[in-house]
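Input: a single structure, listed below in structure tokens.
Keep in mind that the numbers below use all heavy atoms, side chains included, and drop hydrogens, waters and symmetry copies. Note that the structure is a prediction, hence the values are computed from the model and not measured. Each chain gets a letter, A, B and so on, in the order its sequence line appears, and its residues count up from 1.
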Amino acid sequence: MHSLTNLSLKTIVKKQVKWKIKLYISSLSSLIILQSIFGFLFFSSGSGSSGYGQQNLDLNFTIYSLDMHLFLSVFWAFISAIIFTTRAYRMDDLSVISSRTSSTIANTVIIMIYSLIAVFIMASTFYLQLLAISFLKNEPFIIDNLIFSPTLFMMCFSIICLFGAIGLLFGNCFKGPVFIKSLTSFFVMFAVFILIISPDSINLKGLIMLPNFMMSVCYLSVAAISFSLAIWIANKSEVSRT
Amino acid sequence: MTAITALLFIPFILILVIFIILRKLSKNTKKFWTPKRIIIVIAGYITLGFLAFLYFAFFYESKLTVLANSEIKQLESELKSLQRYDQEYNSSYLTKDYIKNTWEFKFEGDSLPVSIQERGNGLNFDIRLRYNDDIEKGKAVISYYQFPVIIDGLNMADQIPLPIVYMTQEQLFIEPPLENKVSYNRIKASLGIVDFNREVDLEPSISLFHYSSVLLIDVARNTELEDLQGRVTYIR
Amino acid sequence: MNIIKCEELAKNYANHNALHNLTCAIESEKIIGIIGRNGAGKSTFLNILAGYIKPTSGSCSVFNKNPFNNIFTAANTILIDDRLSFSDYLTLEEILTMGADFYPNWQGELAYRLLDYVGLPLTSKHQQLSKGQMATFNLIYGLVSRCALTILDEPMNGMDEAIRTDFYRAILKEYIAFPRTFLIASHHLAEMESILEEILLIDDGSVLAHAPVEDFKQQLIVLNGPSDVLATLLADKVIYAQKDMAGMTLAVVEASSLVISEDLLRTNGITKSPLTSSDVCMYLTRKKGRDIDAFFD
Amino acid sequence: MYVNLDSATPIYIQIAEWLQHEIVADRLQTDEKVYSQYQLAELFNINPATAGKGLTILFEEQLLYKKRGLGMFVTIDAKERILTKRRNETLTKMAQEIVIEAKRLLVSDEELLILIRQTQEGLK
């Protein structure tokens, strides 16, 4: 009898990541398209404005900040992560050595790497949009801060990562065992109910007041919990081919 | 609530629609858009973005520069001392550096009636009277002093419009300026949602002197200013 | 050595029970045909072995481990069926490169030669292949991966006859070159019978028979003789099928239940003849009292 | 050179018969190594285990002997044994069948003997 192949989970995950990172790349191109379209739609409005009426001076600032770009990236991460858990992608995993666990761990790594790239894409869109405005509209800019501060970078990364993790968890929940499926549906309905009944009960102001670094840590820990839950659920799920 | 819902859901639906269209399209474009080509495009996009960044960092000349915190602090302390001098009726803070405009008028007799018109927002500057020995009789030198005005880290002193000062029928008229509309584009590589919320609790971003500008009327001693409105304060 | 051991395996779905009380043991390095009618539970059984689904009750071990979601069994098992899919960004050549990256025993050269032989261009995409071509490619993928447990679920669906013959031979040659356990589920028992060592017959979610091919075949025999003689002879025996015609009777019975010497049969004018294995399967799995003729009367 | 799958004779017996035939035809000489079960499997496109069964039959009839690690070889008196066995079993059985069939067809014993003789003449 030939000796049996003994590959560690780590090796398999590494190989899966190596191939998936190439095969899932189209999701990043959709982020670029998404950001370009929105950059074009909201070409001139900026992300915010503030006005001052003092000393007979009517001062109006149009502020170009990263809010819209981050907003898009976050939605993108959520949807992409859900797409990664759809049938077509899961079926492809079955044709190589894999388990649901290894595939989900690989997806986790992919989401983290893509989130990192997404921050760079986000920054690129930001600068390119400014460039386009400065050439086409010929309006002068005041540069408050041009450079992504490391804490800001980390915060963008952690928020995108968090929503990717939630998407992955969400997608996996609906592929998992029945009780997890029903639990998730219940939770989602409950959350929507709460949101409709009293939207003020969800108050994140306390979180926003934290310094950037602490916020990133918070986001990343929630992301880590979501990722772990997703992997745990994957470990329990069967391959459903419908 | 409805506004927030609309704000959140309209882009969400739009993104979804774009996603669906993209996925439909991707079926046809997969032949050309191989992973390798997509990677090249993404790398190119990020490089372009970086080049744009370099352009702004090194070649873009901004007309206004944002003041550093230390500069703001310095200006604020300067303004505070100005205010103190002003309260002590000491005119020594009115240095030539702050003069933005001067008017010279001639009049007959020993008295000069002043009429101050307040329109709209009212007067945005203080009016001070100083007896100056260097000035000959029958002449008034009016100087407009503009002190720094810091709004959101910018010194907006230059943008504050000049008051309208004129003399007809031996009477000095002072009118507030027409409103100056200025708008700027500002690049802030930060998150507004987060920052705005934090700034609510921080000190206001506008720091200015009680009135950041002073209109000084210099007249010769023994000249009487007929100020019926009582808006003019004497200063030594 | 048994590489697969299943005891009292059951799998219930919401509206039907795919498997119940399936018990079997499969030795390593054998080519085993998994036979059964449509909906008998073959695919469910194979999916459990591949670790894709979890049995509702009972135990299943592959390589002495529970296969469900187990990376060790996944590394040594490959399940080839018509639902095998690959990312549509990959050409066949890239799929082979990917396979080589994952499976340690991968035979890249062989894969290229086989693809060349069947005339599949390396640059084509998996999704764009015709049904038969896709089945051929999947089978090649399964063969060259050389997994200790190679499960082929209807591997020849859609292939033309010439390629089917070629690939039964390819399976045999690969088996000789690198002995491993093949589980082949197929409806074409007659064509693959010769390369099989054992047959595992699944019916209604449990194992009906598990025996070497010849033994399997010899389970049932056909007796042909005068009706009255046979009637007394088979009075208390289970008859799988019976046909009366002009005083002569054809009856399919279990060989083991027949303890009469050949001479006695001969003198009574009864002839004994064997059945093909497909016929054996058909008779074993046919529901008692169910005959298609009955519906036309 | 393929086995007949549809034949009533099991494949491994067909293999055994084929090997015996080769020995009788002197294509397999005394002390010559016979095909391994894998070679047979490839040759006839059958499962090696089935081929192995065919070899085992010959081994049990002492037509082949094993050399450890080298394979199976033809015994000295293999051909002789086959011929004797065929004479004893196969031919006797065939004769039996002929006699029974003749009885059914109401052919008398003399007529049968004449028929056999005629057949022999015809084949010469």
**Prompt:** Would D/Y12 and C/E214 count as a side chain to side chain donor-acceptor pair (under 3.5 Å) if you check the C-alpha gap in whole Å, the side-chain angles of each, and the deciding distance to 0.1 Å?
**Reply:** CA-CA 9 Å; D/Y12 62 93; C/E214 291 301 338; 5.7 Å; no
**Asked** Between D/L19 and D/L40, does a side chain to side chain contact (heavy atoms under 4.5 Å, CB included) hold up when you go through it step by step?
**Response** CA-CA 10 Å; D/L19 281 169; D/L40 286 172; 4.2 Å; yes
**Asked** Side chain, backbone, both or neither: which part of C/E197 has a non-hydrogen atom closer than 4.5 Å to chain D?
**Response** both
**Asked** Which atoms of C/L196 come close to chain D, meaning under 4.5 Å heavy atom to heavy atom: side chain ones, backbone ones, both, or neither?
**Response** backbone
**Request:** Would you please classify the geometry between the D/Y35 ring and the D/W18 ring as parallel, tilted or perpendicular, with 30° and 60° separating the classes?
**Result:** tilted
**Request:** List the steps, then state whether side chain to side chain donor-acceptor pair (under 3.5 Å) holds for C/E254 with C/Y240.
**Result:** CA-CA 8 Å; C/E254 221 163 288; C/Y240 285 88; 2.7 Å; yes
**Message:** Between C/H188 and C/Y168, is the side chain to side chain contact (heavy atoms under 4.5 Å, CB included) condition met? List the steps.
**Reply:** CA-CA 11 Å; C/H188 307 285; C/Y168 284 121; 4.0 Å; yes
**Message:** Under 4.5 Å from any heavy atom of chain D, what part of C/Q218 do you find: side chain, backbone, both or neither?
**Reply:** side chain
**Request:** For the pair C/T285 and C/D203, evaluate side chain to side chain donor-acceptor pair (under 3.5 Å) and give the outcome as yes or no after the intermediate values.
**Result:** CA-CA 6 Å; C/T285 56; C/D203 191 45; 5.0 Å; no
**Asked** Who are the ring pair (Phe, Tyr, Trp, His ring centres under 6.0 Å) partners of C/Y141, not counting sequence neighbours?
**Response** C/F86, C/W106
**Fill in**
Checking heavy-atom separations under 4.5 Å from chain C, one finds in residues 47-83 of chain D D/N47, D/P48, D/A49, D/T50, D/K53
